[in-house]
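For reference, the structure is listed below as structure tokens.
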2 protein chains.
Amino acid sequence: MESKIFRDFLIQRGLKLTKERMAVLNQIFSIHGHFEPEHLYLNIRNSEIKASRASVYRTLNLLVESGLVERISRSDKGNVYEHTYGHSHHDHMICTTCGVVIEFFSESLEELQKMICTEYHFAGTTHTLEIRGKCRTCQKRKK
Amino acid sequence: MESKIFRDFLIQRGLKLTKERMAVLNQIFSIHGHFEPEHLYLNIRNSEIKASRASVYRTLNLLVESGLVERISRSDKGNVYEHTYGHSHHDHMICTTCGVVIEFFSESLEELQKMICTEYHFAGTTHTLEIRGKCRTCQKRKK
DNA sequence: AGCGTATTTGCAACTTAATCTCAATTTCAG
DNA sequence: CTGAAATTGAGATTAAGTTGCAAATACGCT
């Protein structure tokens, strides 16, 4: 469970498990899909246990370091994150017209990337692939 | 030649070809590889024909719209761009230890992405693939 | 359970990249 | 050449995210 992982991460670093940190963690794992820090902060403002903007950002950074959360892109309006625990690796297609995000995964793509890394003697650990274009709906809408 | 392309782009949009815009264009195409807007601005400050920061940023956006320049990533410290004219498509491996950027291209990777797009009924136009990890040198350096 | 201390919090001030405002200047079609 | 429309530069502004610091809190120790 994610809170156990986070707790262990904090202990191992000599950090403390505060209610604010738990509030941020819970809020993130109650969100389905992607989120922006500001949106996250607003949700927390309206929840039972609150946390300041500073704490939200600080906790978010800790969560990224712990590996529970990943920053998946930087839009013109700040970062976009998603939680990765219980959420296997995937890449994104982003519609430049309506902004919809389609998640996809391809084993062949992963394999191919591994091969390319080998070829370049590069020890790849993570990657981000973002394909931009038009989603099915927006293609139709275009006269 | 890039200045002709830019000129045509401007005319087609009813915009004007100013010396400041040319200065930005020339500076960008004299840079080999990647650049950051602030760095670009500083170079222009020291060149023959100068342009203000505002003009540099405005021109940069126009160049991206014209397709001559591409924004390849958003680091913690702002955006990174590169010119694409006379510079065929490629992706990047970024060493998380020393920051070196390795450019690579794989036809199979491109093909595979096209297939995936078809599968998802997505009309992909551009993509960015960034593989992070350790470069050959940093792997060796690691005891 | 209570103590002591190192960590954390919240607030507001700050930082940094990038955009905007607007008066003065420049481009360029006619 | 002329004049309308676009552009420029300087500085103000915006917005995301970070930081300093005094007060509050978590938690190992006894």
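Throughout, protein chains are lettered first and strands after them, A, B, ... in sequence-line order, and every chain is numbered starting at 1.
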Neighbours of DNA chain D within residues 44-56 of chain A, by heavy-atom distance under 4.0 Å: A:A54

Length of the line joining A:L60:CG and C:dT9:C1', which is rounded to integer Å: 17 Å

To the nearest 0.5 Å, what is the distance between OH on A:Y81 and CD on A:E70? 11.5 Å

Short side-chain N/O contact to C:dT19 OP1/OP2 from B:N61, under 4.0 Å: yes

Look at atom CZ of B:R7 and say whether more than 12 heavy atoms of other residues, nucleotides or ligands are closer to it than 6.0 Å. no

d(CG, B:L40; P, C:dA17) in whole Å: 14 Å

A:H34, NE2: over 12 other non-hydrogen atoms inside 6.0 angstrom: yes

Is there a path of hydrophobic side-chain contacts, each under 4.5 Å between heavy atoms of I/L/V/M/F/W/Y residues, joining A:I94 to A:L109? no

Pairing of A:R58 and A:E20 as salt bridge, 4.0 angstrom limit: no

Nearest-Å distance for atom pair CZ/P, residues A:F35 and D:dG17: 11 Å

Plane angle bin for B:F6 and B:F9 - parallel if under 30°, tilted between 30 and 60°, otherwise perpendicular: parallel

A:L68 side, atom CG; A:H83 side, atom NE2 - distance, nearest 0.5 Å: 9.5 Å

Is B:L25 reachable from B:L15 through a run of hydrophobic residues whose side-chain heavy atoms are each under 4.5 Å from the next? yes

In residues 7-27 of chain B, what residues come within less than 4.0 Å of DNA chain C, judged by heavy atoms? B:K16, B:L17

Using a cut-off of strictly less than 4.0 Å, decide whether A:Y57 has a side-chain nitrogen or oxygen near OP1 or OP2 of D:dG17. yes

Whether B:H89 and B:F105 hold their rings parallel, tilted or perpendicular, with breakpoints at 30° and 60°: perpendicular

In whole angstrom, give the distance that lies between atom CD of B:E38 and atom P of C:dA18. 8 Å

Please determine whether any donor N or O and acceptor N or O are separated by less than 3.5 Å between the side chain of A:R58 and the base of C:dG10. yes

Phosphate oxygens OP1/OP2 of C:dA18: is one of them under 4.0 Å from a side-chain N or O of B:N79? yes

